[in-house]
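Worksheet: one structure, shown below.
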Amino acid sequence: MNLKYFTNGLWKENPTFVLVLGTCPTLATTTSGFNAMGMGLATTFVLLFSNIFVSLLKGFIPDKVRIGAFVVIIATFVTVVDLLMKAYTPGLYGKLGIYIPLIVANCILLGRAESFAQKFSVFPSALDGLGVGLGFTMALTSIGCVREILGSGSLFDIKFVAQDARTILLFIMPPGAFFTFGYLFAMVNRYKKGQ
Amino acid sequence: MAKLESSLTNMVISLSLISAIMAAALGVTYLLTKDTIANVERKNINTAIQQVVPAFDNDPFADQFKVNNGTDTFVCYPAKKASQVVGYAVKTFTNKGFGGHISIMVGFLPDGTIYNTSVLEHKETPGLGTKMTDPKFKNQFKGKNPNSYNLSVKKDGGDVDAITAATISSRAFCDALGNAFKAVHKKVLSSNNAAVTDSSAIQKGGLK
């Protein structure tokens with residue numbers, strides 16, 4: 001069983017902390033644990049299906065137009081996610097709305113299509129998509145949780161400080177995203193080096 | 001399976017077919033989610049209407065009409081109880097927020113007094129501008145009549161306590177409310193202030 005295709009994206013080649021891909025949504029949508037997880041899962045969904053389809057169609061796509069074809073496939077699934085979220089998770093959609101269409105431009109998707117799915121068969125590609133997607137979700141959720149705890153005094157919307165308590169607002173503002181990302185990035189890499 | 005050669009014919013066929021398949025997939029998803037999305041939007045609006053006007057027994061969504069303040073057009077949902085108008089919910093907006101567009105549902109009593117407000121959409125800074133959805137800020141508008149209540153923040157000489165460190169969001173909130181009041185006042189309230197209890201007069205004035 002080729003479980004390594006799955007675990008590869010989770011840790012060894014984590015898209016956020018190791019490959020440093022898709023940093024725009026990483027910084028923009030991690031203001032709370034829920035938002036970050038929602039963004040991660042939406043990306044995972046698109047990644048899973050774009051990998052499957054790119055892998056299925058790889059023999060049919062001439063080399064010179066492969067990027068165009070990948071983008072069409074990715075854009076389709078992004079729009080599907082967009083419509084599904086609008087219909088079934090309107091609350092989350094309200095918060096992430098403008099970032100969902102931007103998944104199209106997330107380089108993780110094109111990166112996995114280009115470097116993995118077009119070279120491997122369907123099953124490993126699906127596993128890779130799932131692994132990388134969940135790795136991305138994990139990274140985003142951890143950043144989101146840190147920022148939410150420090151910036152809003154809550155975790156997954158459960159508040160543990162008083163309503164008008166002073167929290168470190170900086171952490172839910174854009175600079176806080178960079179600080180949190182930077183520190184977690186350093187910690188993960190320090191740990192990896194020690195291994 | 002060998003790669004298709006990058007000849008012009010192959011590229012055209014390949015891209016066209018992929019686009020066609022994906023377009024079909026999108027069409028199907030759209031059809032499947034269309035009704036749910038419309039329901040969700042309608043439900044959101046109905047919930048907001050219920051929050052901003054007194055209890056009613058009609059369907060304000062079905063009775064909606066447009067109001068205009070000279071520059072922008074807003075949708076107005078009249079709330080009626082026993083066919084007497086008890087309030088007007090106006091879906092108003094402003095583009096002056098810190099994050100741009102803010103959409104607010106505001107309810108007016110027939111005499112123009114603000115009954116309540118509910119923020120529908122915004123992109124304000126979390127922790128700062130987002131406090132406009134907190135009761136502390138929102139409740140100060142309750143029961144105020146914009147005829148006598150200056151809808152701008154104290155910094156600008158108005159009566160509104162701005163949110164600390166979010167003056168722009170507070171200004172935008174006031175702007176949206178002011179726009180709605182102007183529009184609704186022009187079309188409905190001014191012509192009926194004398195006869196608020198006469199529902200037929202309001203209906204004539206309000207719905208033409």
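A note on names: the letters A, B, ... follow the listed sequences, proteins ahead of strands, and every chain is numbered from 1.
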Report, one line per pair, each donor and acceptor closer than 3.5 Å where one atom sits in a side chain of residues 62-70 of chain A; sequence neighbours left out.
from  : atom 1 : to     : atom 2 : distance (Å)
A/R66 : NE     : A/E114 : OE1    : 3.1
A/R66 : NE     : A/E114 : OE2    : 3.3
A/R66 : NH1    : A/D63  : O      : 3.2
A/R66 : NH2    : A/E114 : OE2    : 2.8

Could you list the donor-acceptor pairs under 3.5 angstrom formed between side-chain atoms of residues 132-139 of chain A and any protein atom two or more places apart in sequence or on another chain?
from   : atom 1 : to     : atom 2 : distance (Å)
A/T137 : OG1    : A/G40  : O      : 3.2
A/T137 : OG1    : A/T44  : OG1    : 3.1
A/T137 : OG1    : A/G133 : O      : 2.8

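Minimum interatomic distance between A/T76 and B/L26 (heavy atoms only, all atoms of both residues): O-CD2, 3.6 Å. Scanning both residues, A/P90 and B/V40, for their nearest heavy atoms gives CB-CG1, 3.5 Å. When all heavy atoms of B/S14 and A/I61 are compared, the pair lying nearest together is OG-CA, 3.8 Å. Taking each heavy atom of A/V80 and B/T29 in turn, the nearest pair found is CG2-OG1, 3.6 Å.
Around OH of A/Y191, the count of heavy atoms belonging to other residues, nucleotides or ligands within 6.0 Å does not exceed 12. Around the NZ atom of B/K81, the shell of radius 6.0 Å holds no more than 12 heavy atoms that belong to other residues, nucleotides or ligands. Other residues, nucleotides and ligands contribute only 12 or fewer heavy atoms inside 6.0 Å of the NZ atom of B/K96. Within a 6.0 Å radius of CD in B/Q140, more than 12 heavy atoms belonging to other residues, nucleotides or ligands are found. Other residues, nucleotides and ligands place more than 12 heavy atoms under 6.0 Å from the CZ atom of A/F156. Within a 6.0 Å radius of NZ in B/K91, no more than 12 heavy atoms belonging to other residues, nucleotides or ligands are found. With a 6.0 Å radius and a threshold of 12 heavy atoms from other residues, nucleotides or ligands, B/F98 has its CZ atom at or below the threshold.
Of the atoms belonging to A/L57, it is side-chain heavy atoms, and not backbone ones, that fall under 4.5 Å from chain B. Heavy atoms closer than 4.5 Å to chain B are found in the side chain of A/Y88, but not in its backbone. Proximity to chain A is absent for every atom of B/E121, based on heavy atoms less than 4.5 angstrom apart. Within the 4.5 angstrom heavy-atom criterion, no atom of B/I21 approaches chain A.
Taking OG1 of B/T33 as the start and CG of A/L84 as the end, the distance is 6.5 Å to the nearest 0.5 Å.
You'll find the side chain of B/Y30 stays beyond 4.5 Å of the side chain of A/T79, heavy atoms only. Contact check for B/M22 versus A/I73: side-chain heavy atoms found under the 4.5 Å cut-off. At least one side-chain heavy atom of B/I18 sits less than 4.5 Å from a side-chain heavy atom of A/F60.
Between chain A and the residues B/L15, B/D35, B/N10, the most heavy-atom pairs under 4.5 angstrom are made by B/L15.
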